[in-house]
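Single-structure report; data block below.
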Amino acid sequence: MNILEIYSNKEVINLIKKYNEITGENNIEDIFKKSAEDIVSNQCIIPILGTQGSGKSSFLNALLFCDIILPVDADETTCIPTAIVYGEHEGLKAFVYFKDGQKKEIECTEKALADYVHQEKNPGNELGISHIEITVRNELLRNGITLVDLPGVGSITAENQQTTLDYLKKSTGAIFMLRTVPPITQSEACFIQGALPLMGNVFWVQNQWTDESKSEVEEGKEHNYKVLMDIAQKIHISQDRITKPTIVCVKRALDGGINGNEEKIKDSFLPAFAEKIVNFALSWRDEVRKSKITQVETYLEASIVKAKNNIELLQGDIEKESQKIKEEKKQAEKRLEDNKEILEQVQDFLCQEKRKLESIISTECRHAAENLRNSVRSLIDSGTVDGKQLNRAFGDYMKEQNEQLFGNIQPKIMKMLHQITRDLGDLQECHYQEVHTNISSNFTTYSNFVDHSDKIGGIGGSVLGGAAGIKAASFTTGIIAKSTVIGSIIPGGGTAAGFIVGSAIVLGGTLLGCFTGNKVKKHIKDTRKEEACRELFDYIREYQSDCEKKYKKSIDTFKEQIEEALEKWIENQEEEIRDQYKRQKEILNMPIEERTSEIEKIKKDIEVLNYYKKEIEHA
Amino acid sequence: MHNNATYINILEDVWEILEKSEDQNVLPATKFLYSRLKNPQSYISFIGETSSGKSTLINSFLNCHLLETKASPTTGIVTWLEYGEFKEKRYLAINRDASFEELSYENFKKLSVKPDKDLLRLKLEIPAEKKSFVGLNIFDTPGYDSIVIEHEEILREFIPDSDVIIFPISYRVGFGEKDRQLMDVIYNIFKHLGDIPIILVVNRVAEGIQFDDKRIKEIKFAAEDAIHKELPLLIVNTAMPDENGNRTLPNTEKLWQEISNIAFSEERKQWLDNKNKEFICSLLNQVCEEFQNKVLVSENNCKEIEDCIKKQLCSLSEAEEQSLKIVDKYIGRLETQLPKQISYGVDKLQEVVTTEIYNASKWKDIYACRNFVFNHTIPFGITKICRDLETYLFEIFKEMDQELDEIAAKPRFAFEQQILEIKNPKIKEVMQNLALKYSSRIGGEIASSMLKNIGGIGGAAAGAGNIAKKTLKKIGGLFGKKFSRDVYAKIGKFFSNKALAKLNILFNLAVEAIAYAWESNRWQGKLEEETHQAILKWKEEICFDLENHMIEEYRQINIKNVNEVYKEARIDSEMVLSTNKQNFTLEQINKWKEEIIVLKNNLDKLKGLENEQ
């Protein structure tokens, strides 16, 4: 029996429902439906990231087309995300997707594409494009891999930021292009700092140019690796997530591809890297599947344990059993009280940290505004009063300040997140049967594979995406999942940690938004020095309060979500304790004459559950 | 409560003992501290643009036209005025070799306008008329022309030791670009050393203009933006010529009152008192330890100590040799990488510049475009290149530091192993003391200390006092404000300012070279050529400078630091070794024991003093 059949099997669903209460907001049908979708969709999105000129588009040209298809012009090329997916047809096809939902097929050539993705041809994305999709029959993509050429580090703007973020959130892994010369720059470091919490597995690729010596490349690789480790440490992300960069010579690969020189292609190390990606996608798919199977197993196992427990209750001495469940209830309540205490501490900590961070944010934003005014004064003093020029320069200054702000504030927020995650590790499950302990080992592999709550949400049977996601990840996974699936995936224990990782994604997203946000609103029209200054200063004031608001809001949202999630978690635990007790009492109160037949019924249920459990093992 | 008298008593009491220390730094440090205790000092630095009227404000305090008020703006000479209990005025030249030379007033004035190359700074000793200002040291820093980098180094020396900074701005000139850059330098120094009070003085203000004046408000706004904090502001009115048409001095009573309030404040005295106490304690402790060690070694004089130390000296030499190789390796990396990274950045910058030029309207934008490219596009791009280089330098030095640390840990580990094998507890103690010292010396991050030196930090305000004060810092690290370990901004600013200074010169040359008789359809090509050449010229110069000066400087400083660290460790060991070799008499040993008791008694006395933090 395949897993999809089990998902839609009424008998399975009814049995699970019979032995487990649903305390979350979703029901088991929905959870299974979502899981089935996850398996069918089978999509593995891998964005290519990197700064302008790091060779992203060239990399994709070499990897997928053996020709120059994606425009590689040095001037800000990819301001529109371009996804490349598998297509059964001959040749290449390109589709432009507009924000209003329209779709248009265009010729798939460098020239035709440039008209849409090139900053100069489509300034500020005035054509209103959401993304471009290219389909190609390439074996590499056959396994559901979608490679996405995302805007370069320096060219993420207010217009394309949302699409970029969306792709990052949906991504399974990412490829990040680095260089030997120059090594990771400040802007790159800043971007990585922001994106790292959002990305699953990252493949760091160091693009080697033909004139770089071997030792130089090796040194560069070591250097880049150390910088990446530093970044991870700075934002309190496990350094295990950082792997050494892979050297690939894109230029050689592309030359080889265009001229059909196999030797050259091999020398470029690109094929070896491509294999790595395919293997990653395959094992990812496998892991998703495995974890889905484990999910069903967990539901079945929990049902069996509870069913057996019911038999015990029915067979035992009423007096004794009643005493036992009372005792168990007391124990559970005691654990709940302990948890409440921990949560109170966490809440206090959150309040304190929030105040501290808010004051840091205010200071940093004030500094940014002061710096902007200093720069504007310098420029105007030097004689520049033309509105357009002022605007351009101001854009430069603002980018600089945004980076600095983000670079200073984000690690502090990440630190708070890290501390909270650690504190919540002390939380313990309150309910009776420790069903989850024996399956947690199944998830260890998975959590090593990727610790990414988007994906975890997926396994748990829910979609993550913004605020709702956190709740989804933690509650809607259903009765058992709430104590098992998520909790066991995330190292550090308790289910609660699930919300935190979930919040981290949202927080990471909002923060990255702060990094890329802001655009110069209007042109300065006046050419008199004083007026130009005044107009810009007004805008700087707006900028300051806007930045302050954004950063503060990200903390607010984070705090609210965590608090809400924790409260809900406690509530669910309480409800579960109550329900469990009620159910057990009902069973104990069952008249003697009905007991024998009930035991028989339960035994039969166990048989059926065991049958499906076996089936699932072979699925 | 201030304990100066007690401190003086203690120093006098132990003077002869301290003199006996084998550490050459102890005596000069003691003398320096003693003179400071006898004559407490305060330091005021005047910093500002050439025409801002710094010297006039000081003259007004002295009530005579003593300082040249039209000093040539490009000189880098600092004039130091000491206001104290002198019998008569003295004019002095302090030379770079730390020698003093008395000058006539005429020569003093001459040198202040045109200093010779041996001159480090000028000093004026002035008999104090206003008794409440005794002990005031005023530093008149040179006017600030476009040579940012030299000026910055001077400021780095003065600011950390100043009690108050006076920042005059001429009302008519306003707060300009140079002021902004100056403030930025000060801000960056503050970031690492902590705040020092600054008073903003708007100078040469016409009678009747008040704080609510638009221009005054603008100056305050711009200055506060530049320094990122609120500043107190004082107004000094223009001094009108007297009835005979002679120049007069402005009324600056309020300003000097304010200066005195801060410089001689209770808070400042308390701070100094605590520092003095800490410092004397560390001095006494150090010598006490030295003697205790001598006693220990002499009483247990044996071959075991000798063997152990010889082995240690051996492994120290090895480690030093390895460290030098590491330095070589990293400097080699800089040699190949820095020019490449500059080339890369320059290529990108040229692309940006070209786009900017061809995006301009062909028919009307010639001048605006040129101005913009030279005033924004290029400097902004170059700052970015430098910033990335600085990040790289910082990371490289950090990596190097780690490797050097690992190497330094080896002899330490070996030494500790040796100590474990020593059976005699007394000898063990001697060796453990030595190991402890070694750890504290090695723990000091060689590269970071190197970066500190590059930034020029480490000097002190008082010319010849410099040497003594440096010694103080070395021993205790307690006097003066502590330097931060965060060295990033130091190399940072140093590098980009140097690079920008170079650019400035180039730009000035370019401005003179233009003859704009270009036809409207050809100027873009010409401007492109001109800018590209300017950028290339900059690249050439900066690469030349890197290759011939900066990288070599990095190398030398690192080698020096490695040598110093290991030398210090060796001296410690050798001191023990030499004590071990000499057979001191019982009498001598007993004398040390007595001296240790005296030192300890004094230390107890210090600790017993009421400590008001």
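On a predicted model such as this, the values are computed, not experimentally measured, just so you know. Hydrogens, waters and symmetry mates are skipped; everything else that's a heavy atom, side chains included, is used.
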Approximate separation, where rounding is to 0.5 Å, of B/Phe374 CZ and A/Ser382 OG = 12.5 Å
Go through B/Glu395 and A/Asp230 one step at a time and tell me if the side-chain contact (heavy atoms from CB on, under 4.5 Å) criterion holds.
-> CA-CA 10 Å; B/Glu395 291 289 341; A/Asp230 278 357; 3.2 Å; yes
In terms of heavy-atom contacts, does CD of B/Glu230 have more than 12 from other residues, nucleotides or ligands at under 6.0 Å?
-> no
Flag if over 12 foreign heavy atoms under 6.0 Å of NZ, B/Lys340 = yes
Which value, rounded to the nearest 0.5 Å, describes the distance between A/Ser378 atom OG and B/Arg180 atom CZ?
-> 4.0 Å
Does B/Phe175 have A/Arg377 sitting over its ring (NZ/CZ under 6.0 Å from centre, angle to axis within 45°)?
-> no
Check: A/Leu379 main-chain N/O paired with B/Asn375 side-chain donor or acceptor under 3.5 Å = no
Between the OG1 atom in A/Thr185 and the CD atom in B/Gln341, the distance rounded to the nearest 0.5 Å is 10.0 Å
A/Lys415 atom NZ, over 12 foreign heavy atoms within 6.0 Å = no
Among residues 215-224 of chain A, those lying within the under-4.5 Å heavy-atom range of chain B are A/Glu216, A/Glu219, A/His223
Above 12 or not: heavy atoms from other molecules or residues under 6.0 Å from CZ of B/Arg215?
-> yes
Please work out whether the ring planes of B/His228 and A/His367 are parallel, tilted or perpendicular, with thresholds of 30° and 60°.
-> parallel
Side chain to side chain, A/Glu370 and B/Ile227, heavy atoms closer than 4.5 Å | no
Beyond-backbone contact of B/His376 with A/Gln389, side-chain heavy atoms, under 4.5 angstrom = no
Could you walk me through whether A/Glu403 and B/Arg387 pass the salt bridge (charged side-chain N to carboxylate O under 4.0 Å, His left out) test, one step at a time?
-> CA-CA 13 Å; A/Glu403 269 180 33; B/Arg387 214 180 53 181; 3.7 Å; yes
Less than 4.5 Å apart, any side-chain heavy atom of B/Phe221 and any of A/Phe537?
-> yes
Measure from the side-chain N and O atoms of B/Asp388 to the backbone N and O of A/Gln186, and report whether any donor-acceptor pair falls under 3.5 Å.
-> yes
Decide yes or no for A/Pro182 and B/Gln337: does some side-chain heavy atom of the first lie under 4.5 Å from some side-chain heavy atom of the second?
-> no
Report yes if some heavy atom in the side chain of A/Arg392 is under 4.5 Å from a heavy atom in the side chain of B/Glu356; otherwise report no.
-> yes
d(A/Asn374 CG, B/Met183 CE) to nearest 0.5 Å is 10.5 Å
Okay, B/Tyr344 and chain A: the region with an atom under 4.5 Å from a heavy atom over there is side chain
Cut-off 4.5 Å, heavy atoms of chain B, and the answer for A/Asp396 is both
